[in-house]
Every structure is written in structure tokens, then in C-alpha cells.
Amino acid sequence: MYTAAALAILVTMGLALVRALLGPGVYDRVLAVNMLGTKTTLLLAVVAFLYGWPDFLDLALAYALINFVGVLAVLEFFQNRARADEP
Amino acid sequence: MITVFGIFLLSLLVITALAIVQTRNLFVAVMLAAIFSLLMAANFFILDAADVALTEAAVGAGVTTVILLSALALTAEREKRSGSIRWISVAVVAVTVLILIYATFDKPALGDPDAPVHQHVAPWYLEKTPVFMDIPNVVTAVLASFRGYDTLGEVFVVFVAMVGVLFVLGGDGGRSGPITTPDPGLRHHLIPKVVGRLLLPFIILFGLYVQFHGEYGPGGGFQAGAIIATGLILHALLEGEQAALRSVPAGAMQALVVAGASLYGGVGVACMLLGGSFLDYSVLHPDPVTGRQIGIIAIELGVGMAVCGALLSIFHAFAAREH
């Protein structure tokens with residue numbers, strides 16, 4: 001069952017990568033990055049159980065905690081750019 | 001199964017790398033670089049290199065994207081078209097690639113126990129770590145004790161990197177007068193604010209866990225320093241540049257790097273004063289095994305402080321330049 005889950009996650013990662021490559025908009029890409037982040041977290045968790053290394057769940061935890069910082073940085077980047085364009 | 005995962009993830013990695021080279025839009029390149037880092041971490045994890053995967057997670061998931069975006073804010077969004085194709089460069093690259101591909105034919109199979117890398121010092125490390133240090137994570141033992149000189153060198157590389165960035169970007173610790181544009185951060189946006197404030201203490205706590213649990217699980221000073229730095233960068237993104245610099249002044253970050261590097265070197269000197277050789281921790285305690293454990297914890301702390309301070313300094317140097 002873990003194998004099936006891992007394969008499904010890999011396929012989802014592939015689809016998210018397609019969206020990141022094709023775009024077309026900024027938000028498509030931001031969402032794709034965010035989605036790949038969540039899928040990586042899930043993949044690490046599933047593989048950790050698949051191979052019986054539950055200790056390595058720490059890594060999935062690390063991703064779960066700090067993944068969105070990059071997305072916040074993107075939002076701040078566009079906020080600053082929009083403010084710079086205003087006057 | 002592991003082969004299928006590996007092939008799939010490596011193919012995605014190659015596609016992403018080609019796309020990064022091909023795109024002219026630098027923002028897209030930054031986003032693809034973030035994806036590259038995620039895929040790389042998943043690859044490391046599948047190869048059972050948990051410590052490296054955690055480093056990639058800690059640095060790639062947050063800090064790299066933030067710093068690349070800060071750099072992007074200082075430049076144009078699109079790459080300039082370069083002129084004609086430089087045929088000599090193409091030829092050099094093509095020849096190198098062919099030589100490298102030819103070299104892989106002699107490479108031993110993945111995980112082959114007879115491969116040279118598994119015959120050299122690795123068996124000795126695996127055998128002696130329980131005897132010398134009595135800690136389960138051999139990676140930490142190798143990094144902090146057996147090859148402590150290398151890690152000391154790496155800490156000074158981090159130190160030099162920070163000094164270099166501060167020189168280039170003119171980071172003078174925020175003494176160049178008031179910042180002209182007020183930076184509101186994201187605190188006017190409800191969801192980032194609430195989620196960020198909720199997660200911040202847990203990120204710091206997790207960083208401390210990785211720092212002090214490095215001998216038992218994946219992790220150690222490098223990863224912990226990067227995670228804590230990510231937490232403080234999150235604070236800076238939410239509350240704005242000035243508020244973050246008020247809580248952790250630029251001088252404090254630079255002092256942290258110097259203190260971390262000095263702590264590492266100081267442990268080495270302390271070992272010499274106690275009659276051992278440089279970074280021979282066994283003299284730190286009457287029981288050599290406990291002495292080595294004390295030494296590892298002390299130098300991991302030094303590494304963590306240096307990495308955290310350096311990443312924060314680099315981030316703030318870019319951010320100060322932006323405003």
C-alpha cells in the first residue's frame with residue numbers, strides 16, 4: 001500500500017512540475033512549487049515507512065515547518081514590486 | 001522499487017535543470033531552482049543519506065529561495081539575450097560531458113560492497129564509532145570528530161562567505177542612516193501573519209532539537225543553524241526589516257558567527273592545553289568516551305551558531321540593499 005501511495009505521489013510531482021514548466025502565470029508557478037513542497041513532505045513520510053526508517057520522519061517535519069517560508073518570500077517580493085511601481 | 005523512484009526523480013531533476021538553463025525569465029528560474037532543491041532532497045533521502053537530505057531541506061526549502069529573490073529584487077526580471085553562440089565553449093562542454101560519460105562506465109554499481117569507497121576508511125569508522133564515541137549517528141561522528149579538521153575548515157568557509165557578501169553589498173551593520181522606504185512586511189495580511197506567528201516558535205524549537213539530537217538522529221549544527229535562521233527570516237518577512245533588526249541587530253549576527261568559529265577553534269586549543277592534540281576531544285573528561293561526546297556537542301554548537309549568523313547576515317545584507 002505504501003508503494004502505491006509513493007507512486008501516486010511521484011506522479012503528482014510530475015504533474016506539478018509540468019505546471020511549473022508551462023506556467024503561464026506567476027501564480028501557476030508559485031502554486032506548483034508549493035505543491036511540489038507538500039508532495040516532497042508526503043513522499044519522505046511514505047518512503048520512511050516503506051523502508052522502515054521511521055526515525056527519518058524528522059525530515060518530513062523539517063519540510064512541513066519551513067516549506068512555506070519560500071512562498072511567503074515570493075509574496076513579499078511581488079508586494080514590494082507592486083509598491084515600487086505605484087508612484 | 002528504490003530504482004524506480006530513483007530513475008523517476010532523477011528524470012524530473014534533469015528536466016528541471018534543462019528548463020532552468022533554457023528560461024530567460026529569472027523569476028521562473030528561481031522558482032525552478034526551488035523545485036530542483038526539493039527533488040534533490042527527495043533523491044538524497046531515497047539514497048538513505050538522511051543528514052544530507054536534511055541539510056538540503058533546511059537550506060533549500062527556505063533560505064535559498066529567499067536570498068535568490070532578494071537578489072532578483074536588485075536586478076531586472078529578464079536575462080539579457082547573449083549574442084552569438086560561443087562555439088569554443090560548446091565544444092569544451094561537449095568534450096567534457098563525453099569524457100565524464102565514458103568515465104561512468106568504470107564506475108562500480110550503486111551500493112556495490114566491493115566499491116573502493118566502501119573499502120577505504122568507511123569500515124573503520126563504522127567499527128570504531130561505537131567504541132570511541134558511543135553515539136548511533138556515524139555521520140556526526142565522522143563530521144565532528146574523525147574529520148573535525150575538515151569541518152573546522154568549512155566553518156571558516158562560511159565565515160569568509162559572510163565577510164565576502166558583506167563587503168560586496170556594503171553591509172555596514174545598518175549604520176548608514178535610516179532606511180528610506182518603510183518596509184511593512186506582510187503583517188497586514190491576516191493569514192500569513194497568523195500562520196507565521198503560530199509556526200515561528202515551533203521552527204525554533206525544531207532547530208534546537210536538530211542541534212542537540214544530532215548524535216542520535218539526522219541533523220547537527222549545519223542543519224540546525226539553517227533551520228533557526230529560516231525561522232528568524234520568517235520573522236523578518238512577517239514583521240518587516242526594521243522590526244527584525246531591532247530584535248536581532250546586525251552586530252549580534254556577526255558576533256554570533258565569530259563566536260561560533262572561535263568556539264570551534266577554542267575547543268581545539270583547549271584540547272591542546274589539556275595535553276592532547278588539536279581537536280582530540282578525549283582529554284576533555286577523565287573518561288575519553290564522555291570527553292569525545294562533550295567535544296562533539298561543543299563544536300556542533302559552534303557550527304550551528306556560525307551557520308545561523310552567516311545566513312542571517314547575508315539575508316539582511318540583501319534586504320538592506322533593497323530599501
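Below, read A as the first sequence line, B as the second, and so on, with proteins coming before strands; counting in each chain starts at 1. Source: prediction; values computed, not measured.
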* Using a cut-off of under 4.5 Å on heavy-atom pairs, state which of B/Ala50, B/Ala19, B/Gly62 scores highest against chain A. => B/Ala50

* Structure fact -> Note: A/Ala62 and B/Leu54 closest approach over all heavy atoms is CB-CD1, 3.6 Å

* To do: Please tell me if the side chains of B/Met31 and A/Val74 come closer than 4.5 Å, counting only heavy atoms from C-beta onward.
  => yes

* Asked: Relative to chain A, which segment of B/Leu9 carries a heavy atom at a distance below 4.5 Å: side chain, backbone, both, or neither?
  -> side chain

* Pick whichever of A/Thr41, A/Val30, A/Thr40, A/Asp58 has the most heavy-atom pairs under 4.5 Å with chain B. => A/Asp58

* Asked: For B/Ala34, is it the side chain, the backbone, both or neither that has a heavy atom under 4.5 Å from a heavy atom of chain A?
  -> side chain

* Using non-hydrogen atoms only, which part of A/Ala48 is less than 4.5 Å away from chain B: side chain, backbone, both, or neither? -> both

* Do you know the tightest heavy-atom contact between B/Ala58 and A/Ile66? -> CA-CD1, 3.8 Å

* Asked: Quick one: are A/Phe68 and B/Leu199 in side-chain contact, heavy atoms under 4.5 Å?
  -> yes

* Asked: For B/Leu38, is it the side chain, the backbone, both or neither that has a heavy atom under 4.5 Å from a heavy atom of chain A?
  -> both

* Answer with side chain, backbone, both or neither: which region of B/Asp48 has an atom nearer than 4.5 Å to a non-hydrogen atom of chain A? => both

* Can you tell which part of B/Phe8 gets under 4.5 Å to a heavy atom of chain A, answering side chain, backbone, both or neither? => side chain

* Structure fact -> The single option from A/Leu43, A/Leu7, A/Ile9 that satisfies side-chain contact (heavy atoms from CB on, under 4.5 Å) with B/Phe5 is A/Leu7

* Asked: Which bit of A/Val71 comes within less than 4.5 Å of chain B, counting heavy atoms only: side chain, backbone, both or neither?
  -> neither

* Part of A/Leu72 within contact of chain B (heavy atom distance under 4.5 Å) -> both

* What residue, out of B/Ile233, B/Val30, B/Val28, has the most heavy-atom pairs lying under 4.5 Å from chain A? -> B/Val28

* B/Phe27 side chain reached by A/Phe78 side chain, heavy atoms, under 4.5 Å -> yes

* To do: Show your reasoning for whether side chain to side chain contact (heavy atoms under 4.5 Å, CB included) applies to A/Arg29 and B/Leu32.
  => CA-CA 9 Å; A/Arg29 298 185 204 270; B/Leu32 290 174; 5.7 Å; no

* Passing candidate, side-chain contact (heavy atoms from CB on, under 4.5 Å) with A/Leu36, options B/Leu12, B/Thr16, B/Ile35 -> B/Ile35

* For the candidates A/Val47, A/Asn67, A/Leu50, A/Leu44, which exhibits the highest count of non-hydrogen atom pairs separated by less than 4.5 Å from chain B? -> A/Leu44

* Distance (rounded to the nearest 0.5 Å) between A/Leu21 CG and B/Leu18 CG -> 10.0 Å

* To do: Report, as yes or no, whether the 6.0 Å neighbourhood of atom CG on B/Leu74 holds more than 12 heavy atoms from other residues, nucleotides or ligands.
  => yes

* Structure fact -> Test side-chain contact (heavy atoms from CB on, under 4.5 Å), reference A/Glu76, set B/Leu237, B/Leu69, B/Val66, output is B/Leu237

